[in-house]
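Written out below as structure tokens is the structure these notes cover.
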Amino acid sequence: MTSQGSTRQPKYQRIADALRTAIQAGEYGPGDRLPGENDLMAAYEVARMTARQALGVLQNEGIAEARKGAGVFVRSFKPLRRRGIQRLAHEQWGAGRSIWSDDAGERELVVDQIEVREVEADNRVSNALGLPPGAQVWARSRRFVLDGKPVLFATSYLPSDVVGDSAITRVDTGPGGTYARLAELGHGPVHFREEIRSRMPSADEAERLVLAMGTPVIQIVRTAFAEGGRGVEVNEMTLDSASYVLEYDFDA
């Protein structure tokens with residue numbers, strides 16, 4: 001039988017819960033400074049480490065952010081709503097619009113750290129694209145920044161025998177992006193498959209996305225298929241979990 005004491009939440013968790021409830025009730029709005037460590041120590045009669053852990057919980061959840069020398073503040077960043085089905089519709093990229101623009105809405109989405117190169121496909125990519133081991137693919141890596149906050153890092157892999165010498169091998173692929181160019185090449189996507197998992201980031205991912213310690217990422221791997229079932233793209237995306245809401249809307 002479990003004793004009552006062992007089932008009680010740690011003090012830092014109870015403080016974090018109280019602060020979270022206050023934020024949800026509107027007592028602290030976006031951009032407001034939360035009580036500091038000294039305030040929490042006095043209010044809850046706890047040690048500094050306990051107060052620090054409580055604030056750390058909210059930072060790890062993406063609710064709050066620390067500003068050096070100023071304190072911890074309620075995060076004012078509005079999460080993106082990623083509509084996983086609508087954003088891939090032909091009407092989106094077929095009309096010359098980027099599928100990423102559907103996520104950002106009216107907010108400015110900046111793409112940086114763009115790198116385009118031809119590489120040898122590893123087993124994971126070659127299997128997904130139905131290529132022989134060691135086949136050449138074009139890799140397109142880019143980071144997406146919204147409101148000054150890195151939110152996503154993605155790398156797409158496309159068969160060299162399909163996209164070689166096309167605009168897909170250049171930094172700027174033109175209106176409609178990669179999928180519009182694939183359609184012009186006679187390999188437009190007609191079916192997509194996405195696999196989603198949550199995990200902790202690698203050191204490189206945490207640095208690229210400027211993640212607070214303990215913040216998990218969402219990994220989405222999408223494979224695009226052309227008519228006849230040939231895989232024409234594998235896109236490995238790493239998302240800041242605190243920056244996204246994943247929405248899937250479909251008929252029964």
Side-chain angles (χ1 to χ4, degrees), residues 82 84 87-88 92-93 96-104 109-146 150-197 199-211 217-240 243-244:
R82 182 185 188 275
R87 67 197 300 274
L88 294 173
Q92 179 76 11
W93 49 267
R97 295 189 299 272
S98 165
I99 63 174
W100 307 101
S101 64
D102 187 62
D103 297 344
L109 186 67
V110 176
V111 183
D112 70 1
Q113 297 187 3
I114 303 174
E115 184 180 356
V116 184
R117 64 205 184 280
E118 191 171 26
V119 300
E120 185 177 299
D122 60 21
N123 290 337
R124 183 184 70 260
V125 171
S126 59
N127 288 339
L129 295 177
L131 298 173
Q136 294 294 299
V137 294
W138 278 90
R140 297 182 51 83
S141 299
R142 56 266 191 229
R143 187 178 71 163
F144 296 80
V145 181
L146 187 68
V151 295
L152 164 71
F153 182 76
T155 301
S156 294
Y157 300 93
L158 304 105
S160 292
D161 65 323
V162 171
V163 305
D165 298 324
S166 75
I168 291 173
T169 65
R170 300 194 288 269
V171 169
D172 185 0
T173 57
T178 297
Y179 292 158
R181 302 293 80 77
L182 282 171
E184 293 168 357
L185 294 169
H187 296 278
V190 296
H191 181 72
F192 299 95
R193 180 180 67 230
E194 288 192 344
E195 299 175 354
I196 302 173
R197 63 184 290 236
R199 59 174 174 78
M200 298 307 296
S202 66
D204 179 65
E205 290 168 337
E207 182 178 355
R208 286 183 183 273
L209 295 175
V210 194
L211 299 174
V217 293
I218 299 170
Q219 183 179 55
I220 301 177
V221 179
R222 180 174 67 240
T223 306
F225 300 91
E227 196 72 50
R230 176 172 185 179
V232 290
E233 182 212 32
V234 173
N235 190 352
E236 298 180 340
M237 295 162 274
T238 304
L239 291 66
D240 172 9
S243 296
Y244 273 90

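All residue numbers refer to positions in the sequence shown, counting from 1.
- For the residue pair Arg142 and Ser156, a side-chain donor N or O sits within less than 3.5 Å of a side-chain acceptor on the partner.
- Residue Leu109 holds its CG atom at 8.5 Å from CG of Leu152, rounded to the nearest 0.5 Å.
- In this structure a side-chain-to-backbone donor-acceptor pair under 3.5 Å is present from Arg181 to Pro175.
- Here the CH2-OH distance, from Trp138 to Tyr157, works out to 14.0 Å after rounding to the nearest 0.5 Å.
- The main-chain N or O of Val110 is never found under 3.5 Å from a side-chain atom of Arg143 such that the two would form a donor-acceptor pair.
- Closest non-hydrogen pair, Thr155 versus Asn235, comes out as O-OD1, 3.3 Å.
- A 4.5 Å side-chain heavy-atom check between Glu227 and Pro189 finds every atom pair outside the cut-off.
- Scanning all heavy atoms of the two residues, the minimum distance from Ala128 to Val234 falls at CB-CG2, 3.4 Å.
- Listed by chain and residue number, Ser202, Arg208 satisfy the side-chain contact (heavy atoms from CB on, under 4.5 Å) test with Asp204 (two or more places apart in sequence, or in another chain).
- Taken to the nearest 0.5 Å, the CE atom of Met237 stands 11.5 Å off from the CD1 atom of Ile218.
- For residues 120-138, the set of pairs meeting the salt bridge (charged side-chain N to carboxylate O under 4.0 Å, His left out) definition, not counting sequence neighbours, comprises Asp122-Arg124, Arg124-Glu236.
- Across Val232 and Pro159, no two heavy atoms sit closer than the pair O-CD, 3.2 Å.
- Residues Val171 and Ile114 share a closest heavy-atom pair of CG1-CG2, 3.8 Å.
- Between Leu185 and Ser166, the closest side-chain pair of non-hydrogen atoms falls below 4.5 Å.
- Interatomic distance, CG of Asp240 versus CZ of Phe144, reported as 14.5 Å (0.5 Å rounding).
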Q.
Please determine whether side-chain contact (heavy atoms from CB on, under 4.5 Å) holds for the pair Phe153 and Glu205, giving the CA-CA distance in whole Å, both sets of side-chain angles, and the decisive distance to 0.1 Å.
A. CA-CA 8 Å; Phe153 182 76; Glu205 290 168 337; 6.0 Å; no
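- Look at Arg117 and Glu115 and you find a salt bridge, because one of the NZ, NE, NH1 or NH2 atoms lies within 4.0 Å of a carboxylate O, short of that distance.
- For the residue pair Pro132 and Ser126, the shortest heavy atom distance occurs at O-CB, 4.0 Å.
- Annotation: the span from Gln219 atom CD to Arg199 atom CZ amounts to 4.5 Å, rounded to 0.5 Å.
- One finds the CG atom of Asp165 at 11.5 Å from the CD1 atom of Ile168 (value rounded to the nearest 0.5 Å).
- Looking at Ser160 and Glu118, their side chains do bring a donor and an acceptor atom within 3.5 Å of each other.
- Taking both residues in full, the closest heavy atoms of Thr173 and Thr178 are given as OG1-N, 3.8 Å, listed atom of the first, atom of the second, then distance.
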